[in-house]
Amino acid sequence: MLEHDRLPRSFFTRSTLQVARQLLGSRLVRIEGGKRVAGLIIEAEAYRGEEDQGCHARAGRTPRTRIMFGPPGHAYVYFTYGMHWMLNFVTEEEGFPAAVLIRALLPTEGLSIIASRRNTQPQKHWTDGPGKICQALAIDGEFNGADLCRADAHLFVEYGDPIPDQSVTIGPRVGLNNVPEPWKSIPWRFLVSDGYFSMESR
DNA sequence: AGCACGATTAACT
DNA sequence: GTTAATCGTGCTC
């Protein structure tokens, strides 16, 4: 597996929890006018099945959730709070609704482009939230349903150095305030522990 | 047709 | 810590 190889569809055609965990350390790449804007994924959450009361698919197949029921390796991008876009990757077999929400990145390429969109905030807060990522990488509803595994994709993921278990924090998903248990507290959030990248770069 | 709320963010006290 | 911004979605009437 070469460092710059893209994640194939088989990567996404697996347990959503496994996908979310293994996405940590991989590289999200957005091609804009031939230029790469990219960052390492450092936080992700799993949403899976109609039983999961935190998942949009709890409402079943609707116009909005259609993409989540579709084939894996596609982007599920939705709009919320009247102003923010959220990026997810569809997982598991076609017909089963599941996805991974990309919650935070460590920016690595195209920093000046990211800065131009996020410079009202300090660099620490450029891509430390799901809405911020979409703003920084210019991802909106145009990408809903986009195939991440096509050769000509403008949004895709590349393999990165795996993050060891001891440097991964696992806990409840964020922002599910009104969701009943056990879904509200189920530990489906995966996060690279604070300091991991600054420590390894010494 | 109306309504409550949201997988959030930034600004504020 | 609290709160406004702002509108699509799904549910109820």
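In the text below, chain A, chain B and the rest are named by the order of the sequence lines, each starting its count at 1. Any value given below was found using the heavy atoms of this structure, including those in side chains, with hydrogens, waters and symmetry copies removed.
- Under the 4.0 Å criterion applied to side-chain N and carboxylate O atoms, Arg36(A) and Glu109(A) are assigned as salt-bridge partners.
- Dashed line: the shortest gap from a side-chain N or O of Gln135(A) to OP1 or OP2 of dT9(B) is not under 4.0 Å.
- One atom, CG of Asp128(A), and another, P of dA10(B), lie 8 Å apart when rounded to the nearest Å.
- Stacking of Phe79(A) onto the six-membered ring of dG8(C) is not present when judged by under 5.5 angstrom between centres and under 30° between planes.
- Computed from coordinates, the Ile133(A) CD1 to dA7(B) P distance equals 16 Å when rounded to whole Å.
- Taking atom CG of Asn178(A) as the reference point, atom P of dG6(B) lies 5 Å away to the nearest angstrom.
- The base of dA5(C) has none of its N or O atoms less than 3.5 Å from a complementary donor or acceptor on the side chain of Tyr81(A).
- To the nearest angstrom, P of dG8(C) lies 14 Å from CG of Asp140(A).
- Residue Asn177(A) places none of its side-chain N or O atoms closer than 4.0 Å to OP1 or OP2 of dG6(B).
- A sub-4.0 Å separation between OP1 or OP2 of dG6(B) and a side-chain N or O of Arg58(A) is absent.
- dT9(B) atom P lies 6 Å from atom NE2 of His84(A), rounded to whole Å.
- Within the structure, every side-chain polar atom (N or O) of Thr80(A) is placed at least 4.0 Å from both OP1 and OP2 of dA7(B).
- For Pro130(A), counting side-chain heavy atoms from C-beta on, the closest listed nucleotide (dT6(C), dA7(B), dT9(B)) is dT9(B).
- With both pairing distances under 3.5 Å, dA7(B) is matched to nothing as a Watson-Crick or G-U wobble pair.
- Ring-plane geometry between His56(A) and Tyr78(A) is classed as perpendicular, the angle between the planes exceeding 60 degrees on a 0 to 90 degree scale with a lower cut at 30.
- An OP1 or OP2 oxygen of dA10(B) is reached within less than 4.0 angstrom by no side-chain nitrogen or oxygen of His125(A).
- Cation-pi check for Arg14(A) over Phe11(A) is met; the charged atom lies under 6.0 angstrom from the ring centroid and within 45 degrees of its normal.
- Ion pairing between a basic and an acidic side chain is recognised when a charged N comes within 4.0 Å of a carboxylate O; Lys132(A) and Glu43(A) show no such pairing.
- Atoms CZ and CD, from Phe190(A) and Gln18(A) in turn, are 10.0 Å apart once rounded to the nearest 0.5 Å.
- In this structure, Lys184(A) does not reach the dA7(B) phosphate: none of its side-chain N or O atoms is under 4.0 Å from OP1 or OP2.
- Comparing Arg118(A) and Ala57(A), the nucleotide of DNA chain B nearest to each residue sits closer to the 5' end for Ala57(A).
- Distance Gln121(A) CD to dC12(B) P: 11 Å, rounded to the nearest Å.
- Base pairing annotation: dT6(C) forms no Watson-Crick or G-U wobble pair, as no partner gives both donor-acceptor distances under 3.5 Å.
- In this structure, His56(A) atom NE2 and dA7(B) atom C1' are separated by 5 Å, rounded to whole Å.
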